[in-house]
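Heavy-atom basis, side chains included; hydrogens, waters and symmetry copies ignored.
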Amino acid sequence: DYTELVRFVYSVDDVVPTINSMLSKPGYRRMPEILDESEPHLTTEEALRRQSGRKPPPFTVGVFCSASTRNEVLINRAYQLGKEIGSRDWGLMTGAGALSLMGAVNKGAHEVGGWTGGVNTPKIAALEELPVTDWLRLVPDIYKRIDLMIENAQGFFIEAGGMGTL
């Protein structure tokens, strides 16, 4: 039960005690058990080529955010969030966009050696660049995209965004 993580936070430090508590509970669902499953939608050459094959850490944070804003303050904040997530050896799960906040959070985590995963649709991926990730899935629609992001993360940050973030 991850509902104890659903609260307003102002920094990553605000959630560290809760995450450490969750990781120590018996029966904690570790990420690799989810990601090691073979999935039928992992068929595109692009998705296969972009995966590193690195195993995810035991705790992964999903970040829902904008892929279109040009607000540099928000983009920098997302980049710093990605660095914080990656430097704490947490995984990062996003909507696999390389632009704006979504690209910045992924870049921040990737630059400090953090594990990153993403879920996108072929239509959106064709319109914008895909980020470098350790795990990438292309799914038919945004509803499956959101479902798979939630399914593969144990905690969440919600940053500025539009309809896809809601």
Check: [Y] and [X] side chains under 4.5 Å, non-hydrogen atoms:
| X | Y | result |
| --- | --- | --- |
| Ile85 | Val63 | yes |
| Asn152 | Trp135 | yes |
| Val139 | Val119 | yes |

task: Under the side-chain contact (heavy atoms from CB on, under 4.5 Å) rule, what do Trp115 and Met93 come out as? Steps first, then yes or no, please.
output: CA-CA 9 Å; Trp115 184 93; Met93 181 65 60; 4.2 Å; yes
Applying a strict under-4.5 Å side-chain criterion to I, L, V, M, F, W and Y, I'd like to know whether [X] and [Y] cluster together.
| X | Y | result |
| --- | --- | --- |
| Val105 | Val61 | yes |
| Met102 | Ile158 | no |
| Leu92 | Phe157 | yes |
| Leu101 | Leu99 | no |
| Leu81 | Trp90 | yes |

message: Parallel, tilted or perpendicular: which one describes the rings of Phe64 and Phe156, with boundaries at 30° and 60°?
response: tilted
message: On a heavy-atom basis, which atom in Ala96 and which in Pro131 lie closest, and how many Å separate them?
response: O-CD, 3.2 Å
- prompt: Which pair of non-hydrogen atoms, one from Gly91 and one from Pro57, has the smallest distance, and what is that distance?
  reply: N-CG, 3.1 Å
message: Among residues at least two apart in sequence or on other chains, which ones pass salt bridge (charged side-chain N to carboxylate O under 4.0 Å, His left out) with Arg77?
response: Glu159
side-chain contact (heavy atoms from CB on, under 4.5 Å) partners of [X], counting only residues at least two apart:
| X | result |
| --- | --- |
| Asp141 | Tyr143, Lys144 |
| Asn71 | Thr69, Val73, Leu74 |
| Ile124 | Asn120, Thr121, Glu128, Ile142, Arg145 |

message: Checking Glu111 now: which residues fulfil side chain to side chain donor-acceptor pair (under 3.5 Å) with it, not counting sequence neighbours?
response: Tyr79
task: Go through Thr94 and Thr116 one step at a time and tell me if the side-chain contact (heavy atoms from CB on, under 4.5 Å) criterion holds.
output: CA-CA 8 Å; Thr94 69; Thr116 61; over 6 Å; no
Short side-chain to backbone donor-acceptor contact, [X] and [Y], under 3.5 Å:
| X | Y | answer |
| --- | --- | --- |
| Ser66 | Ser68 | yes |
| Asn106 | Val132 | yes |
| Arg54 | Gly114 | yes |

query: To the nearest 0.5 Å, what is the distance between NZ (Lys55) and CG (Asp134)?
result: 11.5 Å
- request: To the nearest 0.5 Å, tell me how far Lys123 NZ sits from Leu138 CG.
  value: 14.5 Å
